[in-house]
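Down below is the structure, laid out as structure tokens.
Proteins get letters first, then strands, A, B, ... in listed order; numbering begins at 1 in each. Everything numeric in this text was worked out from a predicted model, so none of it was measured.
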There are 2 protein chains.
Amino acid sequence: MDIFDIAKLAGVSRKTVQRVLNDSPQVRTETRERILKIMEEHQYQPNVSARRLVKKKTHTIGLFIIQDPGKDRIYSDDLFYSVVIGAVINACSLRGYKVLVTMAEVDNPSPVLKLYREKSIDAGIIISWSSVQSIVDEILSANFLVGVFDQNNLTHRTSSIPMPVLENEASAMEATRHLLQLGHEEIGIITGDQDNPAAVERLNGYQKALKEAGIRVKPEYIYTGRFVEESGRDAVHHWIRQGDLPSAIFCSNDHIAFGALKALKEAGRDVPRDVSLIGFDNILLTEYTSPALSTMNVPRVEMAVALVEELIQRVEGEPYETMSPFQATLVIRNSCLEKKA
Amino acid sequence: MDIFDIAKLAGVSRKTVQRVLNDSPQVRTETRERILKIMEEHQYQPNVSARRLVKKKTHTIGLFIIQDPGKDRIYSDDLFYSVVIGAVINACSLRGYKVLVTMAEVDNPSPVLKLYREKSIDAGIIISWSSVQSIVDEILSANFLVGVFDQNNLTHRTSSIPMPVLENEASAMEATRHLLQLGHEEIGIITGDQDNPAAVERLNGYQKALKEAGIRVKPEYIYTGRFVEESGRDAVHHWIRQGDLPSAIFCSNDHIAFGALKALKEAGRDVPRDVSLIGFDNILLTEYTSPALSTMNVPRVEMAVALVEELIQRVEGEPYETMSPFQATLVIRNSCLEKKA
DNA sequence: CTGAAAGCGCTTACAG
DNA sequence: CTGAAAGCGCTTACAG
């Protein structure tokens with residue numbers, strides 16, 4: 001069943017059928033409807049491969065999940081990106097694009113390049129916990145189009161790569177201000193990996209908020225950790241050992257907050273009565289801990305949608321403007337309380 | 001840069017290049033290597049659309065995420081399927097297949113049918129929390145190939161649909177036996193939705209295990225719930241109100257167990273000291289609750305891999321055998337303890 | 001064993 | 001406005 005068969009059945013030329021497919025106006029309504037009915041009856045759908053071959057467009061976006069043996073595996077350990085993946089797929093679909101999902105290892109990006117070269121995709125989006133600078137450089141130097149979801153995956157930004165930007169500093173300020181407003185003055189921070197720009201920016205935001213409130217930044221209250229649970233535990237143990245546990249802690253991500261929460265409980269400290277805890281990211285888990293964790297919600301869906309929008313606009317050669325930066329917003333649950341008198 | 005250009009550069013006929021692409025033996029090693037080198041230098045990859053057009057094979061599997069407004073949304077609320085999705089993608093990739101991921105609503109499967117009709121995919125796999133019987137029937141009656149991940153999505157099974165089968169009854173028996181072995185005799189069960197076959201099978205397994213141990217099945221200890229947290233809470237509240245709380249509870253899935261855990265805590269009962277709790281599924285959350293939840297691990301990755309294998313074998317017209325059934329295995333964490341003397 | 005030709009199912013540019 | 005032809009980049013069946 002091809003376009004020619006439809007034409008024969010309808011008693012018109014192939015061209016007329018083509019016009020119907022293209023929503024071209026120059027077909028009489030009557031004829032158009034007859035043709036549409038025949039297509040419907042025969043479940044006709046134009047062959048995608050044939051169309052792609054001549055149009056040189058695939059209407060397909062490659063979603064590259066770049067795994068790193070050393071990090072959380074997206075799709076198994078990871079609780080942050082599944083929402084993003086879903087949002088990307090939905091957003092593409094709304095724009096009439098299909099999504100080809102591929103997993104690749106960070107040190108072997110050749111499957112990704114292959115997809116571009118064999119013309120399976122028009123553009124790609126990278127999701128990863130690692131630096132993907134080298135992959136991106138390769139894609140760019142081959143003159144293909146790629147977007148990156150997370151600004152921390154790249155060491156140098158460039159306008160040629162669509163990428164949503166999260167204002168980490170301002171968001172961290174907001175988290176810290178929340179603790180300040182509850183009357184806390186002894187506020188600690190457990191930072192993320194210091195080679196990660198987001199970690200540094202969040203630390204800066206914390207410091208700014210304290211200064212803004214006229215509170216001295218106490219170096220002892222800055223615990224340099226990594227973006228993992230273990231750092232939360234370590235920090236709490238450290239502070240308890242020093243006999244100087246802050247009354248509120250800003251955890252640079254939710255995983256750190258889980259670690260801190262567990263360690264505090266084990267040490268017989270109640271959250272939030274003895275210590276207030278706030279996280280960052282708002283991963284799904286935060287609703288399930290007890291107490292449920294207050295945190296900063298990263299607008300992952302909006303960021304994903306904006307990324308897809310800009311990428312597709314570029315693919316289609318439409319005018320586009322780079323996305324405006326995103327802010328995380330405070331989600332108040334049950335892990336923060338007013339400072340005890 | 002097409003196959004003809006490569007041929008010209010190598011000074012051979014197009015046919016010879018073709019032979020190299022097909023790994024055909026009848027090309028002199030010397031010539032083959034020269035051609036391969038030229039392809040490499042020019043980053044040549046045969047155009048996928050052209051090849052598909054003539055081969056009438058896409059080497060692509062459609063992964064259909066069928067959402068239901070009334071249920072958990074896969075990719076946002078769901079903690080069970082992300083592992084499955086990852087496994088499907090990986091397994092396909094190992095077999096040289098691409099994966100086109102599509103979301104559709106349970107009451108509007110037409111985007112799914114379209115993918116088959118326009119020849120974007122060779123076969124599909126359905127992942128869903130709902131019944132997809134009508135979609136599957138439509139696909140089958142149009143003579144396309146589809147696999148279903150979860151046996152509960154279908155009301156009648158048929159050998160024409162590849163589908164991994166989990167032995168719910170035997171697995172539930174094992175969970176119950178674990179509680180029995182810890183010396184518990186007052187063992188309750190919180191069931192899942194009774195219109196869900198898995199829920200019924202798990203209930204049967206629970207009853208069988210008790211009988212096997214010579215313990216009377218006490219109707220009061222069977223709480224008919226649904227596969228959601230709320231049922232866990234409700235059951236605990238109910239039993240406490242009745243003044244007859246079991247000393248151990250088999251929760252028909254992990255979400256129920258979370259609900260039970262929370263309600264028990266709120267009621268001042270310690271898990272596992274006062275009440276032992278075991279779940280089912282082993283979703284990611286189970287490691288994060290306190291105490292961490294003992295549960296039955298559903299071998300989702302193995303099931304996904306087997307499903308992909310069988311599906312691709314069918315696509316390729318290879319001989320295949322239907323998968324053998326799968327068993328959940330006990331994962332012991334910290335939510336079960338020996339019965340107090 | 002090699003080469004020239006036809007064909008996959010569309011789209012598009014070009015005559016009539 | 002309509003129709004016949006060429007072409008997208010491959011593969012395959014068919015002569016030589």
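Residue B/Met39 comes nearest to B/Val20 through the heavy atom pair CE-CG1, 4.5 Å, listed as atom of the first residue, atom of the second, then distance.
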Each nucleotide N or O in nucleotides 2-4 of chain C that has a protein N or O under 3.5 Å away: list the pair and distance.
residue: C/dG3; atom: OP2; partner: B/Ser13; partner atom: OG; Å: 2.9

- line: Intra- and inter-strand pairing of DNA chain D, written as dot-bracket with Watson-Crick and G-U pairs under 3.5 Å and | for the latter, reads |||.||||||||.|||

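Between A/Tyr44 and C/dC10, a side-chain N or O to OP1/OP2 separation shorter than 4.0 Å is present.
Screening residues 136-145 of chain B for side chain to side chain donor-acceptor pair (under 3.5 Å) gives B/Gln133-B/Asp137 as the qualifying pairs, with residues at least two apart or on separate chains. Residue pairs meeting the ring-ring contact (aromatic ring centres under 6.0 Å, His included) criterion with at least one member in residues 67-87 of chain A, sequence neighbours excluded, are A/Phe80-A/Trp129, A/Tyr81-A/Trp129.
Atom CD of B/Glu40 has 12 or fewer heavy atoms from other residues, nucleotides or ligands within 6.0 Å.
For the 3.5 Å distance criterion, the side chains of B/Tyr116 and A/Gln43 fail to qualify, holding no donor opposite an acceptor.
Judged as a salt bridge (Lys or Arg N to Asp or Glu O under 4.0 Å), and not counting sequence neighbours, B/Lys56 has no contacts.
Contacts of residues 48-62 of chain A with DNA chain D (heavy atom under 4.0 Å): A/Leu53, A/Val54, A/Lys56.
Here A/Glu33 does not pair with A/Lys37 in a salt bridge; the nearest charged N to carboxylate O distance is not below 4.0 Å. In this structure, B/Glu105 does not pair ionically with B/Lys71, as no charged nitrogen and carboxylate oxygen lie closer than 4.0 Å.
Side chains of B/Val298 and B/Met303 form a contact here, defined as non-hydrogen atoms less than 4.5 Å apart. Using a 4.5 Å cut-off on side-chain heavy atoms (C-beta onward), B/Arg52 and B/His59 make no contact.
Here the rule is side chain to side chain contact (heavy atoms under 4.5 Å, CB included) with B/Leu115, and of B/Glu118, B/Lys119, B/Arg117 only B/Glu118 fits it.
Atoms CG (A/Asn47) and P (D/dC8) sit 18 Å apart, rounded to a whole Å. Distance CD1 (A/Ile3) to C1' (C/dC8): 14 Å, rounded to an integer number of Å. Counting to the nearest Å, the C1' atom of D/dG9 and the CD atom of A/Glu118 are 13 Å from each other. C/dG9 atom P lies 13 Å from atom CD1 of A/Ile6, rounded to whole Å.
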